[in-house]
Structures are given as structure tokens and as C-alpha cells.
Amino acid sequence: MLLRPGVLVVIVLALVLTACGSGGDDATATPAGTATPTQTPAPTRDVEIAPTPTVVESSRTEPVRLDRIQLALDEVGTGFDQPVFVTHAGDSSGRVFVLEKTGAIRLLDGALYLDISDRVLFYELLSNEHELGLLGLAFHPDFETNRYFFAHYIDKSQNHVISRFEEGPGGVADPASELIMFTYPQPDINFAGGMLAFGTDGFLYIGLGTATPDDPSQVVAQQLDNFYGKILRIAAGDFEPYGIPGDNPFVGVEGARPEVWAYGLRNPWRFSFDRQTNDLYIGGPGEFRKEWINFTAGGDAGGLNFGWPIIEGDECWEFSPLPCDLSGLELPIISYDTYGDGNCVVIGGFVYRGSQHPSLDGVYLYGDYCSGRIWGAGRDDDGVWQTRELLDTDLLITSFGEDEAGELYVTGGFNGAIYRVQAQ
């Protein structure tokens, strides 16, 4: 998942209690000193696709009113094996998909959709090794036509794998349909990232953490010649293995990987796009002092530097080998103390765009893994970001998710339950 060695004791106790490259033409020719991708096919370069964002104005005409929200959770699924994400296919079927870190995708009723546990590296040990596994899932915007979906997992050789799969007859995925788009080393058991999401521009965004045990300074997040501590942006679907959008910010920049869209991230475990505005929210776990949420407005050209390891949240990181120069850095919109009141790891969420709970419209929900708290966030009358605790649960929250109708879900990672968000 997204933890730090400093919370290992907390996690072990919780588990027991719950019973539980360069921009050149050759994608494998990376600059000296960087990790060399393994089994990485040469991507199609500079895809001749003009991005067509469908960014629209938010339906909310007034600032969010967080003090008027009464939040609750309704259990809608149980019996899952370490669920870490909930999503939908966008095909008007109404199906809700649950990602199990052990290597399976199931429907909300428990029916098996895909099992690739034979390819996924997953440890049953009660330790921080539980961060590896099946980590991300995203369905193609044209899934109703092409039946493509994408998975992000750590394979048996401890590499990131980004793959395309196809849904077969009968509405069940075909494990044999896998097209590996690229692999990339995951040298440590921590900070793998894992999120996959399509923006309204039709491109696939991929989150990787800083997983570099031989570089405790984490400066890889500031270097553009690797994938660590980055969000990547690629064209995925009919391109084999994938394409690079021609307007990616580092296309043509010497020494930079053209897949990189944003950098300076510690571990983008969960990020999400507001389906109405394409605004991007990124949950960022810190070292020992701060947790934070990064933000970039829909339609941004990319290339943002979110500051790690120069800053931890909104403060200079005391152990950074780099000078604390804030110029050019994108500061978080929200931050809180890492170990205050039982907190330990921020879990990035979603902006509510459903129809069942009008009081939540336009509110960004996020939570904390250890404390189980859920907060809401949004701008006030002056356009300043505000946040407020809306619910204190006893869950180990691993993720939020969204269904086709825009209703939101929470995954209880180690009680195996899925909850739908309710509000008054």
C-alpha cells in the first residue's frame, strides 16, 4: 500500500487485532545511474492525438458548506480479501468492481471477474511487506466498445507491471488477454504507488512511489530520468504497447522521460479526477511529520513539481539533502500532522458528483488509514481551501472509490468490507 516503516508497529497490531529512460527512441536506454526498465517495450512516440479535455464548470455555484454535512457509511459488501479500490466500467451496466490486493478483481456481490494471483507478488506476512500486490485498476473511456481495462501490479520478480486486459464473453475478463505495456523495477517493499486513472482528456495517468532503498534521500522524485515519485501520462488502448501524448510536458527534453507528467511526489497511492472539472487531487503520505493533499486544476499543462523531498507537506523537510527553495514548487492545499490523534497515513479520495446526497456536491472526501477519520474539503466564500472532520470510524481505510453514478465508496482493507457513503 503506502506506508512508512514508522507505522509498522501500528499496522502489525492492527492486522493482529483484525485477524487479519530517457526521452530518446529506445525506451530501455536510460541514463547512467538510473534504474533500467525490465521487459519494457518501445512505446509509440509523440502520438498524433490532440487531447480533448471535456472540462466543464462545476455544478456548484456556491462554496461548499462543510458544517451542514452529516456523514455516514452503509456496508454494501463483505468477505473480500484485502480490498484496496472500488471503481466502475462506465458501460451503463451499473457494475461495481472491487480490487483485491491479493490478485483478484470481483464484483460487489463477490462474483469473480479476473484472477491473476499467479502473477502477483503478495506477502501474507504481518509486516510492511503488505504494500506489494495488485494495486490499481482503470477501465478505458471507450470500454463499452473495446472492452479494454488496465491493471497495475507488482509481479513475482518485484517489478511494476502496467497491463491491458480485455473482457471476454459473458462479462468476465480473460486472464490470457494480457498485453504488458511496460514493467519497471520496484526495488523496495515500500512506497510503490499504484494508482491508475483516466483523465477526461482520454489519457491514462499512472502513479509510482519513490521505492529506492539505496537512496534514502529520495532525490529520485526530483530527477526526470526515472519514473519514481512521478505521475506518468500515456495513451493507452489501441496503441501497442502504448503511446506518449505529444503535449506531455517533458517530450523532447534531453535526459527526461517523456512519460512523466508531474514529479516531486513521495507515494501517490490514490489520486482522482473530479469528473466534472478534471481537477486532480493527490493524497501524499509524509515521512514522520506531515500528511497532505496536492491539487492541480483541470486543463493544467502538467510539469508541476510537488516538492518532495524538498518539502514535507507545507514545511521544509529537515532531512532533505536539497536546499529548501520553495520557488517553482506546487504547495499542498491541505496538510495535517502525521501522528496527531492516531493518524498515520493520508488516503486520497474523490470529489462527490453523485445525485443521492446534494449536501456533498463538490465536496472532496479523504481519510486516514490508521485513525479511520474522514474529512471533507472545499473552498470557502473567499476561495480559500477549508477542511472539516465529517466522520470518525474504526476502519483501517485503504481507499475511496466511485461508481458510475458518482456515488462514493470506502474500503475497509482488513475487515474485507465495502461501504457506500451516505450524507444528510
Side-chain angles (χ1 to χ4, degrees), residues 2-7 23 30-31 33-35 187-188 190-195 205-233 248-250 253-271 280-297 300-340 343-348 366 377 385 387:
L2 39 71
L3 307 179
R4 58 182 67 78
V7 299
T30 53
T34 63
D188 201 356
N190 297 314
F191 314 129
M195 187 64 183
Y205 292 72
I206 305 166
L208 275 76
T210 55
T212 50
D214 57 342
D215 183 10
S217 69
Q218 301 288 298
V219 294
V220 289
Q222 289 294 315
Q223 298 167 344
L224 296 174
D225 60 1
N226 65 77
F227 288 172
Y228 299 122
K230 311 294 193 299
I231 291 179
L232 315 179
R233 178 179 183 250
N248 269 9
F250 301 108
V253 176
E254 184 177 359
R257 294 299 300 251
E259 296 92 338
V260 173
W261 189 79
Y263 65 108
L265 295 158
R266 188 165 188 262
N267 194 16
W269 162 247
R270 290 292 175 253
F271 58 79
L280 175 63
Y281 297 77
I282 311 165
E287 181 71 15
F288 295 116
R289 296 178 61 183
K290 290 288 185 176
E291 309 297 301
W292 62 90
I293 301 293
N294 291 119
F295 171 87
T296 179
D300 189 279
L304 294 179
N305 181 357
F306 290 109
W308 180 260
I310 300 169
I311 54 174
E312 181 179 14
D314 55 0
E315 300 177 351
C316 296
W317 186 40
E318 58 185 328
F319 301 111
S320 178
L322 303 175
C324 192
D325 180 0
L326 301 184
S327 59
L329 303 184
E330 195 74 13
L331 299 180
I333 57 171
I334 298 164
S335 68
Y336 65 87
D337 292 342
T338 294
Y339 294 124
N343 298 318
C344 73
V345 178
V346 67
I347 304 294
Y366 66 101
W385 286 98
T387 186

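Just so you know, residue 1 is the first one in the sequence shown, and it goes up from there.
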Can you tell me if Tyr366 and Thr387 form a side-chain donor-acceptor pair at under 3.5 Å? yes
Where do Glu330 and Leu304 come nearest, in terms of heavy atoms and distance? OE1-CD2, 3.8 Å
Would you find a donor on one side and an acceptor on the other, under 3.5 Å apart, between the side chain of Asn248 and the backbone of Trp261? no
Using every non-hydrogen atom in the two residues, find where Trp308 and Glu287 come nearest and quote the distance to one decimal. CH2-CB, 4.1 Å
Mind running side chain to side chain contact (heavy atoms under 4.5 Å, CB included) on Phe295 and Leu280 for me, showing each step along the way? CA-CA 6 Å; Phe295 171 87; Leu280 175 63; over 6 Å; no
Apply side chain to side chain contact (heavy atoms under 4.5 Å, CB included) to residues Asp314 and Trp292 and explain how you reach the verdict. CA-CA 8 Å; Asp314 55 0; Trp292 62 90; over 6 Å; no
Here the gap from Asn267 atom CG to Gln218 atom CD, rounded to the nearest 0.5 Å, amounts to 9.5 Å
Can Phe191 and Trp269 be said to form a ring pair (Phe, Tyr, Trp, His ring centres under 6.0 Å), step by step? CA-CA 8 Å; Phe191 314 129; Trp269 162 247; over 10 Å; no
Please check if the side chain of Asp225 supplies one atom and the backbone of Gly255 the other of a donor-acceptor pair under 3.5 Å. no
With a 3.5 Å distance limit and no angle check, can you tell me whether Asp300 reaches the backbone of Gly302 through a side-chain donor-acceptor pair? yes
Side chains of Leu224 and Phe250: closer than 4.5 Å at any heavy-atom pair? yes
Do Asn294 and Ile333 have side chains that get closer than 4.5 Å, going by heavy atoms? no
Under the side chain to side chain contact (heavy atoms under 4.5 Å, CB included) rule, what do Lys290 and Tyr336 come out as? Steps first, then yes or no, please. CA-CA 6 Å; Lys290 290 288 185 176; Tyr336 65 87; over 6 Å; no
Can you tell me how far CZ of Arg289 sits from OG of Ser335, rounded to the nearest 0.5 angstrom? 11.0 Å
Between NZ of Lys230 and OG1 of Thr210, what distance do you get to the nearest 0.5 Å? 9.5 Å
Write down the atom of Phe306, the atom of Ala262, and the distance for their closest heavy-atom approach. CE1-CB, 3.8 Å
Give me the atom names and distance for the closest heavy-atom approach of Asn305 to Gly307. OD1-N, 2.9 Å
Is a side-chain donor-acceptor pair under 3.5 Å present for Asn343 with Glu291? no
If you take all heavy atoms of Tyr339 and Cys344, which pair is closest and at what distance? CE2-CB, 4.1 Å
Side-chain contact, heavy-atom cut-off 4.5 Å: Tyr263 with Pro249? no
Going through the distances and angles, do Ile206 and Ile231 end up as a side chain to side chain contact (heavy atoms under 4.5 Å, CB included)? CA-CA 5 Å; Ile206 305 166; Ile231 291 179; over 6 Å; no
Ile310 and its side-chain contact (heavy atoms from CB on, under 4.5 Å) partner, picked from Leu329, Asp325, Val219: Leu329
How long is the straight-line distance from CD of Glu318 back to SG of Cys324, given to the nearest 0.5 Å? 11.5 Å
Correct closest heavy-atom pair for Phe271 and Tyr205 would be CZ-O, 3.8 Å
Please report the interatomic distance CH2(Trp317) to CD1(Ile311), rounded to the nearest 0.5 Å. 12.5 Å
Test item: Glu312 side-chain N/O and Phe319 main-chain N/O as donor-acceptor pair under 3.5 Å: no
